[in-house]
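Worksheet: the structure to be examined is printed underneath.
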Protein chains: 2
Amino acid sequence: MDKVFNALAHETRRQILDFVMQNAGALSGDITAQFEVSRIAVSKHIKILERANLLIIEKSGRERLHYFNPMPIQAIYDRWTDAYSQFFAPKLNAFKTEIESTEEAHEKTA
Amino acid sequence: MDKVFNALAHETRRQILDFVMQNAGALSGDITAQFEVSRIAVSKHIKILERANLLIIEKSGRERLHYFNPMPIQAIYDRWTDAYSQFFAPKLNAFKTEIESTEEAHEKTA
DNA sequence: ATTATATGTAACCAATTGGTTACATATAAT
DNA sequence: ATTATATGTAACCAATTGGTTACATATAAT
């Protein structure tokens, strides 16, 4: 789970996920072509995503085909919404209002 | 958005969120008491969470009261599920099966 | 058989991160 | 007025991160 959060904490890696999602089976080279940084840099990002199980790689000859795996994100979401359920239900709007009025009060004091 | 992902990419910071969520209005000192690291280290983590808008701070005299703000996470989730909706719907199971068979095939080759 | 392509690994480096100690300040309690 | 408490800031440091170049290997194409 820590690996997933860490993997998602970099813009390039999130973009790689976006790209692979829309281009299932993309090769390393296809992914590299999307970015300005070197092939090696992209390769490292892919490795981090792979270790977080966000990408699944299929080898075919000298090529590597990449597939997006949504399950770790689903797992995080499940844990998250469960833990934070009190905030994601009707109570949300009340909370919003409370925070906003708190902030207004704060601004007046500041 | 990058700030939010980065803020979530550290175990201690996720634990701070958990704690503040269940202890709305907690003081800096209350949060510090939950961890082994120094007050300063915790303070830095809090600052990162604050800048990501995941914590809202209300000053009261010499104290700082902390409140969890779920909205950035909600925003991420909205963006995420929208972008990845093709995977979070009925298709999910088909995809899972596809990946699993792919992996089996891969294991046999390896 | 030779050449081109797809990818991997090693060594290195600057920037960022996560932590520390030491010192400072503002409010509350006595 | 003095002391204790809650929090802030500065300077520093080791570890991690994100990138690079140089070299290597395995498969596909000619």
Side-chain angles (χ1 to χ4, degrees), chain A residues 1-20 23-52 54-67 102 105-106 108-110, chain B residues 1-20 23-52 54-67 102 105-106 108-110:
Chain A
M1 168 145 287
D2 190 55
K3 280 180 189 172
V4 179
F5 277 112
N6 271 295
L8 294 174
H10 195 282
E11 176 64 20
T12 302
R13 289 195 290 269
R14 293 194 297 272
Q15 287 175 3
I16 290 175
L17 282 191
D18 285 341
F19 178 76
V20 170
N23 299 272
L27 307 185
S28 308
D30 298 334
I31 300 173
T32 296
Q34 306 301 311
F35 300 94
E36 304 262 285
V37 294
S38 74
R39 176 179 67 85
I40 317 297
V42 173
S43 162
K44 285 185 180 180
H45 285 308
I46 291 173
K47 202 165 289 171
I48 289 167
L49 290 166
E50 190 185 354
R51 292 203 176 124
L54 286 162
L55 284 185
I56 289 172
I57 283 141
E58 186 187 354
K59 286 198 75 168
S60 162
R62 65 182 167 178
E63 298 176 327
R64 286 159 47 96
L65 296 98
H66 299 71
Y67 299 93
T102 295
H106 184 204
K108 274 171 201 155
T109 347
Chain B
M1 170 145 285
D2 190 53
K3 279 181 190 172
V4 179
F5 276 113
N6 271 295
L8 293 174
H10 195 282
E11 176 64 21
T12 301
R13 289 197 289 268
R14 293 195 296 273
Q15 286 175 5
I16 290 175
L17 281 190
D18 286 341
F19 178 75
V20 171
N23 299 271
L27 307 185
S28 308
D30 299 334
I31 300 172
T32 298
Q34 307 299 311
F35 301 94
E36 306 260 285
V37 295
S38 74
R39 176 178 66 86
I40 318 298
V42 172
S43 162
K44 285 186 181 179
H45 285 308
I46 290 174
K47 202 165 289 172
I48 289 166
L49 291 166
E50 191 186 353
R51 292 203 176 123
L54 286 162
L55 284 185
I56 288 171
I57 284 141
E58 186 187 354
K59 286 198 75 167
S60 161
R62 65 182 168 180
E63 299 176 327
R64 284 158 47 97
L65 295 100
H66 299 72
Y67 299 92
T102 296
H106 184 205
K108 273 170 200 155
T109 349

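Computed from a predicted model, the values in this text were never measured in an experiment. Each chain gets a letter, A, B and so on, in the order the sequences are listed, and its residues count up from 1.
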Rounding to a whole Å, what distance do you find between [X]:[atom1] and [N]:[atom2]?
X: B:Lys47; N: C:dG18; atom1: NZ; atom2: C1'; result: 14 Å
X: A:His66; N: C:dG8; atom1: NE2; atom2: C1'; result: 12 Å
X: A:Glu58; N: C:dA6; atom1: CD; atom2: P; result: 17 Å
X: B:Ile48; N: D:dG8; atom1: CD1; atom2: P; result: 14 Å
X: A:Ile40; N: D:dC23; atom1: CD1; atom2: P; result: 13 Å
X: A:Lys44; N: D:dT16; atom1: NZ; atom2: P; result: 15 Å
X: B:Glu63; N: C:dA26; atom1: CD; atom2: P; result: 17 Å
X: A:Asn6; N: D:dA15; atom1: CG; atom2: P; result: 18 Å

Phosphate oxygens OP1/OP2 of [N]: is one of them under 4.0 Å from a side-chain N or O of [X]?
X: B:Arg39; N: C:dG19; value: no
X: B:Ser28; N: D:dA6; value: no
X: B:Ser38; N: C:dG19; value: no
X: A:Arg62; N: D:dA29; value: no
X: A:His45; N: D:dG19; value: yes

Using both distances under 3.5 Å as the test, list the Watson-Crick or G-U wobble partner of [N], or none.
N: C:dT16; result: D:dA15
N: D:dA22; result: C:dT9
N: D:dA1; result: C:dT30

Pairwise 5' ranking along DNA chain C for B:Val42 and B:Ser60, keeping only the more 5' one: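 By nearest-heavy-atom nucleotide position, the 5'-most residue is B:Val42.
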Minimum heavy-atom distance between B:Ala9 and A:Phe5, given as atom pair plus value: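 Closest heavy-atom pair between B:Ala9 and A:Phe5: CB-O, 4.0 Å.
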Heavy-atom closest pair, residues B:Arg64 and B:Ile46: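 Shortest heavy-atom separation between B:Arg64 and B:Ile46 comes out as NH2-CG2, 3.9 Å.
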Side-chain donor or acceptor of B:Arg13 paired with backbone N/O of B:Ala7 under 3.5 Å: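 Yes; judged by distance alone, with no hydrogens or angles, the pair exists.
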Test item: A:Ser60 side-chain N/O and A:Glu63 main-chain N/O as donor-acceptor pair under 3.5 Å: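 Pair absent, no side-chain N/O of A:Ser60 close to backbone of A:Glu63.
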Touch class at under 4.0 angstrom, heavy-atom based, for A:Leu27 against every strand present: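 The answer is sugar-phosphate, as A:Leu27 gets under 4.0 Å only of primed atoms, P, OP1 or OP2.
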First of A:Arg13 and B:Asp30 reached from the 5' end of DNA chain D, by closest nucleotide: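 Between the two, 5'-proximity favours B:Asp30.
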Chi angles and distances behind the salt bridge (Lys or Arg N to Asp or Glu O under 4.0 Å) call for A:Lys47, A:Glu50: CA-CA 5 Å; A:Lys47 202 165 289 171; A:Glu50 190 185 354; over 6 Å; no
